[in-house]
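What you see is a predicted model; the values in this text were computed from it and never measured. Because only heavy atoms are used, hydrogens play no part in the values below, and waters and symmetry mates are left out as well, while side chains stay in.
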Amino acid sequence: MCGICGWVDFDRDLGDPSARRELADMTASMANRGPDDEGTWIGGPAALGHRRLAILDMQGGRQPMTLQEGGRTALVLIYCGETYNYRELRQRLVALGHRFDTSSDTEVVLHAHREWGYADPRRAVSELNGMFAYGLWDTAKRELFLIRDRLGIKPLYYYPTEHGVLFGSEPKAILANSLSERVMDADGLRRTLCSVADPYNTVFRGMHEVRPGNIVRVTSEGIQQTSYWQLTDTGHTDDLPTTIRHVRYLLEDTIQRQLKAEVPLCTLLSGGLDSSAMTALAARFSDKQVRSFGVDFVGYTDNFIPGPMCATPDGPYVQEVARFVGTDHTDVTLSADELMDPDVRTSILHARDLPFTAADTEKSLYLLYRAVRQHSTVALSGDSADELFGGYSWFHDPARIEADTFPWSIATIDSARQSLDPGLIEKLDFPGYLHEQYRKAVAEVPVLTGPASADPHERRMREVCYLFLTRFLPKMLDSADRLSMASGLEVRVPYCDHRLVEYVFGVPWAHKTFDGREKSLLRAATADLLPHMVVQRVKSIFPPIQDPSYDRMLHTRFTALLNDRNAKVAPLLSLERSRALLNARDKVRWVECILNLQDFLTDYKVSLTV
């Protein structure tokens, strides 16, 4: 796992001292993503930088990595991620006459592009099973390819310039180059304040994401983005028992692939069905005792207050799974003081490169990842199972399913109206923005075929599943990547294996809820691995802190912000409406969103053009 960055300028030789300094600054900005090594490559109009977190082939996997032909450099690769099927690909490439100098997956990707992707890079990347974002420079053709994995597990951004492009794993790498501008316009503010992953813009004006499953091609003639993968209708015909067996097979194969590492590996265990099943399979296939880690809060279990999406505390379930499966388990126990530590807030802000909105959750995750990194370099996570198997209560709420919008976004507009300036709200037009995003997303949904296509509810649930996988999941994956990599921890997400996603996406909703509950397929496929109490546990979200002192500290900080007439966020707010938030416990996250927006505008020296 690593950080990549680069700069292509077709009107300039980037070997001059000033360009080298800019590339060095871009590369250094991602030191946390790659604490083990650093490398750069410059050749004519291309300059590439790499920071490495060593997972495989500790000595031989240095980057940038080149492929030599006829005594010259033909291809240059900077790679972030893991290719889990690299050993099988390597065997095929050796049989085709390729010779390897290392045992790394990066070199396999490089040779795969030479063998299968010379005419069309889509052919090569389609062979890869994994999570990745990489840049590939062809010296003869003078073209750059920016390639991102199918689900968007690994981030990759680019910023067109007059004569080329800047790119990086994180916006901070691009912002380290003097050609970029730190400007947030109306679209950036909309994306910040809405709970939808917009694949068409980022927080910073002029900056774009490489969309999941896409390739960006950069030449002297311009920039083009094309798709190499998308969710499709598979015409699912398997009966229910066959479907359950195949889900189990895919889970077993995926876990075995993702257990490969030459560094300490662990699992993140919450006591829910997703992480528990993953941990149980990891324990079954690992050749040593699996370490597991969970998060808890001081006094949380003893003083737990049930909520609509969090009916039970995690603690008892975590302990039961650890005992039943036999993991070496550690709980990371956090306090309100730790979550409100200014240094933690600053670290998360600089990790995310945007105003983080799920504040208590993101702070908890960051502190968990930081603690885990003291013992392990790789962690398996249960992320994306809810989006894939229909775990959230929103999937099962008729009112939300029938609403002509994103099922999870209904409360977003009401929260905004309670704090922002009325004129700004009118200008931003949140309802119109969300409707446009929703319209674009629904237009992408593959048409349902087969017997299920005659059922209106099945057709609607196909749309809802697509929305969660393409507009909700990416925000969670981005957060997990950035918070974990800020501590140099690689988080792997087995439930994002594209084979599993393709198969389950095609399964009719009636199969996914055959027992009348959430995540029926996953429960049936893994029930034999887990304690009965965990199999029957109702979905519970990541635990929010319930310490009243946390709210009081937020109250104090927010009051100080509202009294500061020079605050950069002040022109955006209605003071009267904002003060009303202080007495609304259910609006705590919105209060934190405003505080984080203030920190972001200040620390990143962002200009607002709204």
Side chains of [Y] and [X]: any donor to acceptor distance under 3.5 Å?
{"X": "Y392", "Y": "E387", "answer": "yes"}
{"X": "S29", "Y": "E170", "answer": "no"}
{"X": "Y466", "Y": "E444", "answer": "yes"}
{"X": "Y157", "Y": "D353", "answer": "no"}
{"X": "Q63", "Y": "T106", "answer": "yes"}

Salt bridge present between [X] and [Y] (N-O < 4.0 angstrom):
{"X": "D341", "Y": "K363", "answer": "no"}
{"X": "E22", "Y": "R20", "answer": "no"}
{"X": "D481", "Y": "R33", "answer": "yes"}
{"X": "E592", "Y": "R345", "answer": "yes"}
{"X": "E362", "Y": "R352", "answer": "yes"}

Under 3.5 Å, is there a donor-acceptor pair between the side chain of [X] and the main chain of [Y]?
{"X": "R150", "Y": "G213", "value": "no"}
{"X": "D105", "Y": "T83", "value": "yes"}
{"X": "S275", "Y": "G382", "value": "no"}
{"X": "R148", "Y": "F132", "value": "no"}
{"X": "N214", "Y": "P212", "value": "yes"}
{"X": "K568", "Y": "L608", "value": "no"}
{"X": "R577", "Y": "S419", "value": "no"}
{"X": "S180", "Y": "N177", "value": "yes"}
{"X": "R122", "Y": "Y228", "value": "no"}
{"X": "Y79", "Y": "E107", "value": "no"}

Please work out whether the ring planes of [X] and [Y] are parallel, tilted or perpendicular, with thresholds of 30° and 60°.
{"X": "Y604", "Y": "H350", "result": "perpendicular"}
{"X": "F204", "Y": "F600", "result": "tilted"}
{"X": "Y134", "Y": "H113", "result": "perpendicular"}

What's the separation between atom [atom1] in [X] and atom [atom2] in [Y], rounded to the nearest 0.5 Å?
{"X": "T470", "Y": "L231", "atom1": "OG1", "atom2": "CG", "value": "7.5 Å"}
{"X": "R373", "Y": "L368", "atom1": "CZ", "atom2": "CG", "value": "14.0 Å"}
{"X": "D386", "Y": "M476", "atom1": "CG", "atom2": "CE", "value": "7.5 Å"}
{"X": "I4", "Y": "M26", "atom1": "CD1", "atom2": "CE", "value": "10.5 Å"}
{"X": "L268", "Y": "F293", "atom1": "CG", "atom2": "CZ", "value": "9.0 Å"}

Can you confirm whether [X] sits close enough to [Y] that some side-chain heavy atom of one is under 4.5 Å from a side-chain heavy atom of the other?
{"X": "L23", "Y": "I42", "answer": "yes"}
{"X": "P355", "Y": "Q598", "answer": "no"}
{"X": "Y158", "Y": "Q225", "answer": "yes"}
{"X": "R217", "Y": "L144", "answer": "no"}

